[in-house]
Structures are given as structure tokens and as C-alpha cells.
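The structure displayed is predicted, hence computed values, not measured ones. The figures here come from the full heavy-atom set of this structure, side chains too, leaving out hydrogens, waters and symmetry mates.
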Amino acid sequence: MSARLRARTWVEPRANFARPRKLVCEPARAAEFFYSGQQGGAEMVAKMRERYEDSKLYRIRHSTAHVMAQAVMELFPGAKIAIGPAIEDGFYYDFDLPRTLTPEDLEQIQKRMVEIIKGKHPFVRRVVSAEEARQIFKDQPYKLELIEGLERGEVDEDGNPVEEKPEISIYQHDSFVDLCRGPHVENTAEINPKAIKLLHVSGAYWRGDEHNPMLQRIYGTAWNDPKELEEYLWRLEEAKKRDHRKLGRELDIFTFDEEVGPGLALWTPRGGAIIEEIEKLAKEVEFKHRYVRVRTPHLAKEDLFVHSGHLPYYAESMYPPMELEGVRYYVKPMNCPMHHKIFASRPRSYRDLPLRLAEYGTCYRYEKSGELFGLMRVRSLQMNDAHIYCSEAQFEQEFTDVIKMYLEYFELFGIQEYYMRFSTHHPRGLGKKYVNNPELWKKTEDMVRQAMQKNGIPYIEIADEAAFYGPKIDVQVRSAIGREFTLATNQVDFAQPARFELTFTNEAGQPETPLCLHRAPLSTHERLIGFLLEHYAGAFPVWLSPEQVRIIPITDSQNEYAVNLQNRLYDLGVRVEADLTPDRMNAKIRKAQLMKVPYMLVVGEKEMNAGAVALRKRDGSQQVMPVEEFIALITDRIRTRSAEL
RNA sequence: GCCCUCAUAGCUCAGUAGGUAGAGCGUGCCCUUGGUAAGGGCAAGGUCAUGGGUUCGAAUCCCAUUGGGGGCUCCA
């Protein structure tokens, strides 16, 4: 996942418009950066200032990238080098090579790197003029392009936009010279040759632009000592075990079928049970927060999406149209236009606002084939969607309320690490990527910023990543093993209400355009369940478990007792199975354990005669109790959505 | 979409000097009636992803397609 990290900037409240820059954290520290619970953001902001970039590990990784580049250059004389930064947990370097790298190449390269490191070469920094730099890198077209940018003061040597014109510096160790801002370690001796490892090769566009040539990127990792490296590799292994795709198959939650199509998940009965629970939860919470539920179709005429702006701005993410009786229809990529039409279906008064329309809407998005990723990126998705129509005066209250709803959910799911990613527009995209209305962009962005600052919500501001109709907040969460996901989203929409000429009559009797807040705290079923699978490692809390109870008769003389018990629990709404196979009890326990069923009820002669059950919890603990007591226990756990087993 | 890579039984995987397939788990049946993570036996199950090509002969070599994975980019 590390390479999925995006350019970003930590911004404290009141900071000015910030441009994206590469910033990555070592995981141990990144955890501290995340906003945890309700505490104030002040000290966290201070911690944000302790940059990963200032750490020794960062310098080690950056320097190791240079060493790797040297090794590659020696192996492939004439290779073109691009950029090679340190990233979370490691580093990479991009190359333009005459042929594709193989795993054997990586071994070769790593071997050579070890030799170079052992040579104890100092890293020497030198500031040079643009002219001299061009001379040094005359055979390196990518470097020349970067020098151009540096000279114009537009980008740094990683190609990221900068505020001030930087000086041009080069770093040399042994025979290798690189255009580089640094910092580096003093000497290759500071790199532990036993704590580095090259991981894999992949393609990467020069400067991330698909119109540019595809380069070969080598990912590697580097640590202070071999123990840390080992720990890191162990963490990768652990992450594999929690991979939602693997767990989804093992626990029989969902499946994909080639004939159905890529990115189109099929939910099995067990997955369906989880979805039922999540929808039940959402309905309860939304009821409490005064939402009303609506239902809308999966497709609509072309006109609707022209009107909404989806076709002009979002067409490439939509499935192509189907034509019927000369009319073109599209399956919806979002629910908003339909909800707007419901708003418009009758005159609205300020007394109707805020109007909160909620729907678990199914949408279809044509994600590029290479984008698909298990349940996390799919083409058919069911969203915990709602649109809140409100006046400007109500905006802050509504926005804050939505944030509070997020917090409720996070507490329930035991999500302890998260932060808000505030995506704003960039003027250069006006009329292209973004609706052309600079005043409204500024106004709504200020409103969001203000609402977050007033509520002490720390956030990261990212330029040029807004939705086409307005600024948005993405909520980034970390799973129990520290992988980061975009889960919830919260978007301000000032464009569509105007496009649809939505109005309400205000207190002065005048028509006024409402603001619209899109929000999806529980994300989509697909992404949320993918996340939860990893987060819980498949061991769902009782209320969410696809199978809550497995009844295990010891011999088949208890089968009838088991079935009666099963029926009794079933009638109480408990998801329960009785294992009547001829397996021995030990095997039955093992099977239930592997399926991560929270409660096993072992029933033998003794239990049957006493009207009792021998409860074995998923954690291995055991306790014999009357049936009534167990019923009280499980119904309480389910009712309170307890995290406790 | 692009670069790389992979595709053998429901699952995990063997099967390299090209001679039309194996294991474990799972499933079914039989025996076993066993007190907290695998009792034993037998059986069924694969046109080796799909379509072409090379060859006397292809799971094995080549091409294309489909799907999966690692990334780039994008996003719920």
C-alpha cells in the first residue's frame, strides 16, 4: 500500500492555500499524526511539524535510492534516470531502461549495492548553476527537464510544484552524481547493508502523467538494522493474512465471476448478512439525525446527466449509454441528480430545510481495468448516500453534524486513527475539471475551512483534488494494521442546485438557492466491508458476524437438542447453524474456529439433560450456562452492538 | 487505459530436457459416538482460463483474448 500514498501536505488551521508536496511518514510516527478521538488538535499539529523528512531513516532511504541508481547505471550503461525519493517504509527510483527488469536483475542490483555501501563513500553536496547542471546531466533528458523547472522556480527536483525558486544542488557518492535537494547521510557506511531489500518492479509514468513515457520503478526498503527490516517484512506477511480478498473467499463473504464481469461483486448469504446489519445501523442512525429515506432508479435519460454536469465532467467514469426508442439512457454514477429532482418535485419553503434525503443507492462507475482492486475499487457500488439541502446559514451546523456522525461510527467500529482530507480546487481547472464559478469556490471552501477550524478538526488540505461541483472532505482511516483507506466522504455542492434551479422560499418570501451537502459516512458496502474484513481480520463483532452461533452436538444423540436450540435462537433473530455432520467434536470446533464464529455452543449429554450449553467463545474461553443465560448474553451483545465477545 | 506479472480439481499448490495430469484440504458415502483447534476408510471431482498457431504429439513453446495481482493515474 505504501506506494498508494498520495502527495499531501499537513496543514494546520488557518494556514494558507497549500500546494501538494510529497510527505510521507514512518508508520510508527504516522500513527501519532492521526487525529484520535475527541481531543483537541493543538498538540497534534505540533507533532505534524516533526517531519519524517527530518529523520535519519528518511536520509538512509533517500541515500539508498542513490546507491541503487548507481548499481543500475553500472548494470545498464546509458540508462536514463528519473527521480528516486524516500517514501513510507522505503524508497523507489524510476529508470528508463533498454529492457524489462527481471527478479534476477534485482538480485544482481542488490548485490552490487551491498558492495557500494561497503566502499564507505561520502555523500558530497555541491550547489551548481543551471548551466553547470545541464552540462553534468547532458545525457539525462529527465534530469534536464527537472533542471528547466528548477530554473523557472516552478518545481523541485521531484517535479512537485514549489513556492520559492530553489537552488540547484547535486549530490555525489562514489561514481554517481544526482540532481538532488538532499538531505543525505554523510557516508554510505551509515547504511546497513543487511537492512536493505529490493522488493519489486512496476511501471510508472514519468511525472505520473499517462501521456508521458512509462518508466520502470524499482521499489526497495531500508531500515536502521536487520531486525527492523525483518519486522517490516513480517508486517507485510501479516498484512497478506488480513487481505480482504483472501478473507472474503475463506469466510465466504463475496465472490467475483469472470462471466459477470470485473469489478462486479457477488455477495454470498454471509456477505448479505453483513450488509443487512450495516443498513440497519445506517437507518437507525439516520433516523435519529432526522434524515428521510428516498428510492430512485438505477438509470435515467441522458438529459439528466447533461443537466447535472456529470456528462461534461465525469463522462469517462460512466458506463456508455444504451439507446431505446431514440433516447439515450445512462446508468447512474451518483445518486445526486435523482435526489435533486425529488427536491424540485414541489415548492420548498425555508421551513422544509434542512431537508436530508438518504438512500442506499446503487451506482455504476466505469473504473479503468487496471484500477480495480478487490472490493476496494469496484464498478458496481452501493453507497450510504444522502444529500442535505440547507441554507447558507444552516451550513455550518449541518456540516458539523455530519462530522459528528462520522465520529459515532468510528467509535462503534473501533477506528482510532483517521484524519480529514480537504480537497480544494485549483484556478487552472476552472471550466475544465471544475465548474467555472470562482466566487462560489472561494466561498464554500472558506465555509468548510471555517467549520473545521471552529470545531477543532485537524485536516490536511490538498489543492486541485476537489469534485467538479465543489470542495470535498475525504475521511482517511487506518485499519488495525495501519493501512490507510479513503472511507467516508463529504462534499459540498454549490453547482448542481443552481444547475437544477433548485430554490426554496426564504423568510423574506424570496427564492433562494440551497447549498447541498453530499455525505457517505459508511462509504459503500463494498469498501466498508473490505475495510472491516481487514480491520477485524475477519473476526467480526457479534452483531456483524455472518454466523453468530455454531451449535456443536458431541454425539448424534444430541442432534435433536441442537436443532431445537437452533430453532429457538433463529426465532430470536440470531444467525445460527447446527453442525450435524459425522465429524468428531474437535473437528467441528476447528471448523467453526476457522470461520471465526464468535460463539460455539458445545452440547453433550450433560448439557442436554440440564437444559444448558457449554459456551466456547472465539477467544477459546469456556463457560457452561443455562440456555436462558446464553440467550440473555447474546441478545444483549447484539442489541448494544457490543465490541465485546 | 498504460507497464510488469500470473492463470493446473471448490481452496492451497506439485508437475522444465514438449509424450493428453498429481497431493493435501474441502465434498459425498461407510465405519467410528468421540468433551473443547483435524479419528479412519472408500469414492466422486480437472476438455490444465479461452481462442488460434508451431509440432507426429502441448498443461509445458509462440500469438491473441479474458480474468487476477504489483504499480502509474484515479477514487467511495
Quick one: is rA76(B) close enough that its OP1 or OP2 comes under 4.0 Å of any side-chain N or O from Gln382(A)?
no

Considering every strand and a 4.0 Å limit on heavy-atom distances, what is the contact class for Lys472(A): base, sugar-phosphate, or nothing?
sugar-phosphate

Look at all strands and tell whether Ser369(A) reaches a base, only sugar-phosphate, or nothing, counting heavy atoms closer than 4.0 Å.
base

NA contact type, Leu487(A), heavy-atom cut-off 4.0 Å: base, sugar-phosphate, or nothing?
sugar-phosphate

So if I take every side-chain heavy atom of Thr524(A) and compare against rC2(B), rG70(B), rA76(B), which nucleotide ends up nearest?
rA76(B)

Considering only side-chain heavy atoms of His200(A), which listed nucleotide, rC72(B), rG70(B), rA76(B), is closest?
rG70(B)

Students often get this wrong, so: under 4.0 angstrom with heavy atoms, is Gly261(A) touching a base, only sugar-phosphate, or nothing?
nothing

rC2(B), rG67(B), rA76(B): which one has an atom nearest the side-chain heavy atoms of Tyr205(A)?
rC2(B)

Using atom C1' of each nucleotide, how far apart are rG41(B) and rU32(B) to the nearest Å?
11 Å

So does Glu367(A) pair up with Arg379(A), basic N to acidic O under 4.0 Å?
no

Take nucleotides 27-39 of chain B nucleotide by nucleotide from the 5' end and write B, S or -, depending on whether a protein heavy atom sits under 4.0 Å from the base, only from the sugar-phosphate, or from neither.
S----BBBBBBBB

N-O pairing of Arg99(A) and Asp105(A) below 4.0 Å
yes

Only one of Ile87(A), Val201(A), Leu198(A) passes side chain to side chain contact (heavy atoms under 4.5 Å, CB included) with Tyr219(A); say which it is.
Ile87(A)

RNA chain B-proximal residues of residues 238-259 of chain A, any heavy atom under 4.0 Å
Arg245(A), Arg249(A), Glu258(A)

Excluding sequence neighbours, so at least two apart, what forms salt bridge (Lys or Arg N to Asp or Glu O under 4.0 Å) with Lys241(A)?
Glu238(A)

